Structure formats: C-alpha cells, structure tokens
2 protein chains.
Amino acid sequence: MDKPVARATDADTAAAKRPRGRPRKTLGERDDGNRRVELIRAAARLFRKKGFDATSTRDIAAAVGMQSGSPFYHFKSKGALLYAVMEEGMRSAIAQQGRALQKEEQETTDPPGLLRVLIRNHFDVLLGPGNDFIPVMLYESRAITPRQRGLLAQLQSEYESVWTPVLAALQASGRIRADAKLARLLIFGALNWSAQWFDRRQSATLDDLADAALALFLQEIP
Amino acid sequence: MDKPVARATDADTAAAKRPRGRPRKTLGERDDGNRRVELIRAAARLFRKKGFDATSTRDIAAAVGMQSGSPFYHFKSKGALLYAVMEEGMRSAIAQQGRALQKEEQETTDPPGLLRVLIRNHFDVLLGPGNDFIPVMLYESRAITPRQRGLLAQLQSEYESVWTPVLAALQASGRIRADAKLARLLIFGALNWSAQWFDRRQSATLDDLADAALALFLQEIP
DNA sequence: CCTACCGATCGGTAGG
DNA sequence: CCTACCGATCGGTAGG
C-alpha cells in the first residue's frame, strides 16, 4: 500500500477487461499483494456503483472470483476494506498530482497556469477511467470511524497543501476575489460535484471542464 | 403532500423539541396527515445522518414513537418513504425559492442581484436548520428507482428554470465567462458541496457564503 | 483461501 | 396502528 498502484488511469481498464483471468505468475510474481489489490479495486468499483452499505462482501468476493468468506483473509472487516480504498485513493491522487506538477514545471510558475494544472489533474483524479477511489472517499466518508477520518484528513491536507499558496497568490493579485478559505471550499465543491453528473460518453472533455472552471473562478486580466 | 409543510426553516426545530408529545388534537385536527409528516421528517433526519441503507425502518418508527411494523401502514416500502422525503424537499424548495424572489422583487431585476437572492436562498434550502430533505435528495439518489429519478428531475428542472435566464443574462453581459451549461453545473456543485462541510456552529454565516460565492463567480465590473 | 456455519438484523406482512 | 412473525441476507468466524 505504500507504493501506489500504477496510474489507475490506464491500468484499471485493462484489468477490468479480464476479471476472470487468474493472476499470471510470470517470473517470481507473488500473488499476495495482487489479490489484495484486486479486492481493493473491485470494492472501489462496487462501493461507487451501489454504495458501501448496499454492497455485500459477497459481491466483492464474487467480483474477484473468491468464496464469500475469503475477503476476510485479506481484510479484517468490511470497514477496513473501505478504508483501504480511500487511503489508496488519496495516496494515488497525491502522487498523480505531484507528477502533473513536475511535468508542467518547465516554466509554469505563474499562479493561473498552476491552478489550471491542479484543476485539470483533479478532474482526472475524479473522472478518469477506473478512478473510483476518490469518489468513494468523497461520498462514503460517513461509514468510516473518526480515527480513520482523521488519518484521511491528513492525506487530504497534504493534497490541498499544494493548492493553498496558488490560491493565495491569485487572491493577492486580484484574480480571485472571494475569501481564500471559502474560495477553496467552493472550488473543490464545484470540482468534486462533477463526479455526480459527468458522463464520459457525452460531449464535454476534461479539458473543457478545466477551461470552464478557470473561466468561472478567475477574474479577467484588466 | 401537495401543500408544502410550513417553512421547514422555522417549523422543524420546534417539532424536534418535543418528539415524545403525542399530537395535540386541538379542534378537528386530523391525525392522519400529521403522522405521515412526522415519519417523513424523522426519516429525513436519519437518512441524512446515517444514510438510507444504514437507517432501518425500525429506527424511523422509534423516532416517532411507533412500533417496528407501523411505518408500513403509512408507506408501502422504505423506498417510498425515501422518495417522499425527496419529493417533499423539492416541492418545499421550489416554494421557498418562489417566496424569496417575490420578496425581493421590489426593484431587483438586475441579474447580479437576482443571482444573489437565488444563491442565498439555495444555501438556506441546503443548510437551514432542519432542512435535511434536499441533502438527502442530493446524496441518496442512488437508492431510488429510475422512474422516481425521472419525476424528481422534473421538479429539479422547475427549480433550475429560474436560474437559467439569470445565468444567461450574466453570461451575455460578460459577468460570467464560462460556458452557460457548465457554469450552472459548476456553480450548483460549489453550493451543494457545502452540505458536506458547513458547520452552523462555526464562524461563517449563510450571508458570508453567499458573498463569497458571488465574488468567486462574477467578473468584477470593469 | 475454501467449507460450513452462526447470530443478528432487516424489510415487510397477516390478522386483528 | 400493534402483535407476532417470516424469509432473506449479511458480516464474520472456526477449522481445515
């Protein structure tokens, strides 16, 4: 769990294509971690589609070809599996955000450009193919314990820590007018809510979304 | 169900204060509708607090002092009760929005002023004391049938129909830069997400929120 | 990781 | 609206 899975964006779809295929044990590849990851991935998809409470551990077991009791060999409870989905989602999102910034770091130090990278990447984290982890975290947080919520809050702080100076700079230069803290909450709301309505089969692309968000939040250059 | 309950904003809290008190039958007041409304209200509170699946019909029955099977005398299923919460929430929100616009209709025909009224009222609908109905609708829609979703979509269209011309006017005048449809979705997202983080016991008021939202979305006058 | 199983809970109903 | 109840499902476990 410490090393993030390969970019969920491109890896998940492939795996979902052959859910039957038993793990190919090329070379000395151990099964242990794989089965655990498979469980987390299947759980994420089902938790997102049907909700945590409406998903039975039997559903999850069946999705990876296990018997009903077997998930409990890997996770001590259904709640632990939910938390693993959320934690994996956050670690993966943080890593992906880091890569996105690094890639653009060529010259893009201007706050508007940085905000675009952050927003565009956030849409990817939320809406990219196979990215069910963060939506699950956003919409099922009621089901975890206060302690787990605290641990996730730390990861969320880490994720947001990159945004704070960017938003502060934009506010200082007058390109964002609203109070910094409320602006951050409202912006994340606008972005996060897209998980409820975005349909990949429809017209708008993630770039369109990023454009619209930037146009909505940023004051035009005077 | 056709006539909306008294403004949830001021009526709900009072009722919550005396959950034990058996309905006072002053004058010829019939119990029938009251019990039904009590059930809807209790269900809304519990559905919001614990989620639909995690709330048992026994929880709801107990909250209004009934035995476990009795809610099914009023509603044919748990799902019907959920839908009643959502429909009641939408009808109430539409009525409340109508009143808010009427009250301000003195001279306020300018789009920015109208948007402020709409946003301020929307925060009231979402975050006002005892207003659990709309958050339940927003966050539990997975649990209703497609047909019910369709019926609610009609009510949501009615609610949003007032926003559309206002947003169009703001876009035409350059005070909103983003694509009209995406702007609407992003704005509603920013507002709706507040149901996840807003804490009435904290500093910001609903007026603060409305101010911040306006400042964030509207281009400054040149 | 499977087999076999348990106790608890749940939505819903018959019959008054 | 209550009493008494049912069938189904669920999370989880022992023992291999």
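The analysis underlying the following values was restricted to heavy atoms, covering all of them including side chains, and did not include hydrogens, waters or symmetry mates. Fair warning: this is a prediction, and the values are worked out from it, not measured in the lab. All chains are named by letter (A, B, ...) in the order of the sequence lines, taking the proteins before the strands, and each is independently numbered beginning at 1.
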Next on the checklist: Nearest 0.5 Å, please: how far is CG in B/Asp211 from OG1 in B/Thr205?
Outcome noted: 7.5 Å
Item to check | Distance below 4.0 Å between A/Gln67 side-chain N/O and C/dT3 OP1 or OP2 | outcome: yes
Are there any protein N/O atoms within less than 3.5 Å of an N/O atom in nucleotides 10-16 of chain D, and if so, which ones and at what distance?
| residue | atom | partner | partner atom | Å |
| --- | --- | --- | --- | --- |
| D/dG11 | OP1 | A/Thr55 | O | 3.4 |
| D/dG11 | OP1 | A/Lys78 | NZ | 2.8 |
| D/dG11 | OP2 | A/Thr57 | N | 2.8 |
| D/dG11 | OP2 | A/Thr57 | OG1 | 3.0 |
| D/dG11 | N7 | A/Arg58 | NH1 | 2.8 |
| D/dG11 | O6 | A/Arg58 | NH2 | 3.1 |
| D/dG12 | OP2 | A/Lys78 | N | 2.7 |

Checklist entry - Is any side-chain heavy atom of A/Phe217 less than 4.5 Å from a side-chain heavy atom of A/Ile119? => result yes
Checklist entry - If we ignore angles and hydrogens, is there a donor and acceptor under 3.5 Å between the side chains of A/Gln202 and A/Trp197? => result no
Checklist outcome for this item: Between A/Ile94 and A/Glu158, the two heavy atoms sitting closest are CG2-OE2, 3.7 Å
Checklist entry - Just how far, in rounded Å, is C1' of D/dC1 from OH of B/Tyr73? => result 7 Å
Next on the checklist: Please check this pair: side chain of A/Asp132 against backbone of A/Arg41, looking for a donor-acceptor N/O pair closer than 3.5 Å.
Outcome noted: no
Next on the checklist: Need the pair for C/dC1. Rule: Watson-Crick or G-U wobble, both distances under 3.5 Å, any strand; none if unpaired.
Outcome noted: D/dG16
Checklist entry - In whole angstroms, how far is the C1' atom of D/dC2 from the CZ atom of B/Arg35? => result 12 Å
Checklist entry - Just by distance, do the side chain of B/Arg91 and the backbone of B/Leu155 share a donor-acceptor pair under 3.5 Å? => result no
